[in-house]
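The structure under discussion appears below in the form of structure tokens.
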Amino acid sequence: CSLQIEPLVTLFHFTLPTWVEAQGGFTNPKTIKDFANYAAVVAQYLGDDVTYWCTINEPEIFSTFSYITGYWPPQERSLLKGIRAYYDILPRAHIAAYKAIKRHCPESKIGISKNNIWYVGTGGIISPVVSRVWWWWANHRFLDRIKRYSDYIGLNYYFKVNVHGFHAEIDQYNPSELGWGLHPEGLYVTLADLGKRYKKPIIVTEAGVADSTDESRAWYIKELLRHTHQAISEGVDVRGFLYWSLLDNFEWDKGFWPKFGLIEVDRKTMRRKIRPSAREYAKIIKAGGLD
């Protein structure tokens, strides 16, 4: 490509077709075959132009908010359905899609985007034990199921969670506009953990901040990159870093108000404006790294 852009295609990022929802979505085994057929068709059309594929974005977030809390469509409230989606149907759907893409594009690199959290036990004897259980269930359980069918691991990193006994809450120190504390050092922690456990290439597929004033974004990007470099210097095989996001996006249960974009979007006029932090990021890219 003359622009030197390497595309990474995501097949499923939460949008569930109504006909799939009607048959039970990712709680129905039939969806596994349907998802594999979909992956095969997309691979046939795009395979000549795409090397990197992400089958499913954040399976633990989707299964929790769609089937347990009911915040997202199909707005179910069933612990059993949520566990089944996360533990059974979604991993099998990834594996089926992996095989389908490989049949058409054997040289492709296929993985998922996994939202891994920096869990920290705070206070009491039981908190560190509970935090390790949370870490295994939320960060490792899905990846353990699909490790034979992953060419790379996509890491989405956003926040630190403090575990007090059996209670867990997002750390809100130095918060973004979403109330998520900004802890760029957690990216190093999660990268090091993945590198040690799986010994696979890793792509940071999402990391960013909701910041309508653009006051924290440049600092946060630089710190994220510093901690990514720290992981690389210690032997973690990091192949890429994708800031979330290029444009202000639609945040599923919140709408358009959280501003993640390097480029501001006026939703009334659709006018786009490059933010100062984007120009700082461009300088880093052009220079090939930080000072």
Side-chain angles (χ1 to χ4, degrees), residues 5-15 52-62 64-65 72 111-118 138-139 152-161 170-171 174-191 194 201-229 231 238-265 267 272-285 290:
I5 294 174
E6 179 72 60
L8 192 158
V9 172
T10 300
L11 295 176
F12 179 72
H13 194 140
F14 305 154
T15 47
Y52 288 94
W53 299 84
C54 167
T55 59
I56 298 166
N57 179 76
E58 298 184 344
E60 73 296 334
I61 300 297
F62 171 75
T64 298
F65 284 89
W72 299 353
I112 67 163
S113 289
K114 182 73 177 59
N115 179 67
N116 275 16
I117 295 168
W118 182 20
N139 291 351
Y152 73 91
I153 295 171
L155 170 62
N156 294 358
Y157 171 76
Y158 286 105
F159 41 76
K160 172 187 178 185
V161 166
I170 295 175
D171 187 293
N174 187 24
S176 71
E177 291 176 345
L178 283 172
W180 303 345
L182 300 182
H183 296 279
E185 68 273 22
L187 180 56
Y188 161 75
V189 175
T190 49
L191 282 170
L194 290 174
I202 302 170
I203 298 173
V204 179
T205 40
E206 287 187 31
V209 58
D211 179 14
S212 61
T213 65
D214 203 41
E215 292 178 356
S216 300
R217 187 174 287 107
W219 164 82
Y220 194 55
I221 289 173
K222 291 174 183 177
E223 290 304 305
L224 289 171
L225 292 175
R226 289 187 199 282
H227 288 288
T228 300
H229 183 266
V238 181
R239 301 291 179 91
F241 177 96
L242 305 177
Y243 174 81
W244 182 270
S245 58
L246 176 63
L247 303 171
D248 286 337
N249 62 294
F250 178 81
E251 197 68 19
W252 294 98
D253 58 337
K254 298 173 179 64
F256 289 112
W257 72 260
K259 306 299 183 183
F260 278 94
L262 293 167
I263 298 173
E264 177 184 353
V265 180
R267 292 295 165 182
R272 302 178 183 188
K273 179 181 178 182
I274 298 174
R275 290 189 166 107
S277 58
R279 301 192 187 280
E280 291 298 309
Y281 189 27
K283 290 178 185 177
I284 297 168
I285 294 169
L290 296 162

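Computation of the quantities below employed the complete heavy-atom set of this structure, encompassing side-chain atoms and omitting hydrogens, waters and symmetry-equivalent molecules.
Checked by atom type and distance alone, the side chain of Arg275 pairs as donor or acceptor with a backbone atom of Gly261 at under 3.5 Å. Side chain of Arg217 to backbone of Leu262: no donor-acceptor contact under 3.5 angstrom is found.
Here the closest non-hydrogen pair linking Glu264 and Asp248 is CA-OD2, 3.4 Å. Across every non-hydrogen atom of Ser212 and Glu177, the tightest pair is OG-OE2, 2.6 Å. Taking both residues in full, the closest heavy atoms of Asp211 and Glu215 are given as OD2-N, 2.9 Å, listed atom of the first, atom of the second, then distance. His13 approaches Asn57 most closely through the heavy-atom pair NE2-ND2, 3.2 Å. Shortest non-hydrogen contact noted between Pro59 and Ser113 is CD-O, 3.7 Å. Arg272 and Val265 get closest at one heavy-atom pair: CG-CG2, 4.4 Å.
Rounding to the nearest 0.5 Å gives a distance of 11.5 Å between OH of Tyr158 and CG of Leu187. Annotation: the span from Asn116 atom CG to Glu58 atom CD amounts to 10.0 Å, rounded to 0.5 Å. In this structure, CD1 on Ile285 lies 12.0 Å from OH on Tyr243, to the nearest 0.5 angstrom. Taken from OG1 in Thr228 to OH in Tyr157, the straight-line distance is 11.0 Å, to the nearest 0.5 Å. The distance from atom CH2 of Trp53 to atom CG of Leu11, rounded to the nearest 0.5 Å, is 6.0 Å. Separating the CG atom in Leu8 from the OG1 atom in Thr10 is a distance of 5.5 Å, to the nearest 0.5 Å.
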**Study point:** Stepwise side-chain contact (heavy atoms from CB on, under 4.5 Å) test for Leu178 and Trp257
**Key:** CA-CA 10 Å; Leu178 283 172; Trp257 72 260; 3.7 Å; yes

**Study point:** Criterion side-chain contact (heavy atoms from CB on, under 4.5 Å) on Val161 and Phe159, from CA distance to verdict
**Key:** CA-CA 7 Å; Val161 166; Phe159 41 76; 4.0 Å; yes

Point to revise | Worked check of side-chain contact (heavy atoms from CB on, under 4.5 Å) between Thr205 and Cys54 | key: CA-CA 9 Å; Thr205 40; Cys54 167; 6.0 Å; no

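No side-chain donor from either of Tyr52 and Arg239 sits under 3.5 Å from a side-chain acceptor of the other.
Between Lys222 and Glu280 there is a salt bridge, since a side-chain N of the basic residue sits under 4.0 Å from a carboxylate O of the acidic one.
Between His227 and Trp118, the ring centre distance reaches or exceeds 6.0 Å. You'll find the ring centres of Phe12 and Phe62 inside the 6.0 Å limit.
Across Ile117, Leu155, Asn156, a single residue satisfies side chain to side chain contact (heavy atoms under 4.5 Å, CB included) together with Thr190, and that is Leu155.
Using a 30° and 60° split on the angle between ring planes, Trp72 and Trp252 fall in the tilted class, from 30° to 60°.
Looking only at side-chain heavy atoms (C-beta outward), Asp171 and His183 come within less than 4.5 Å of each other.
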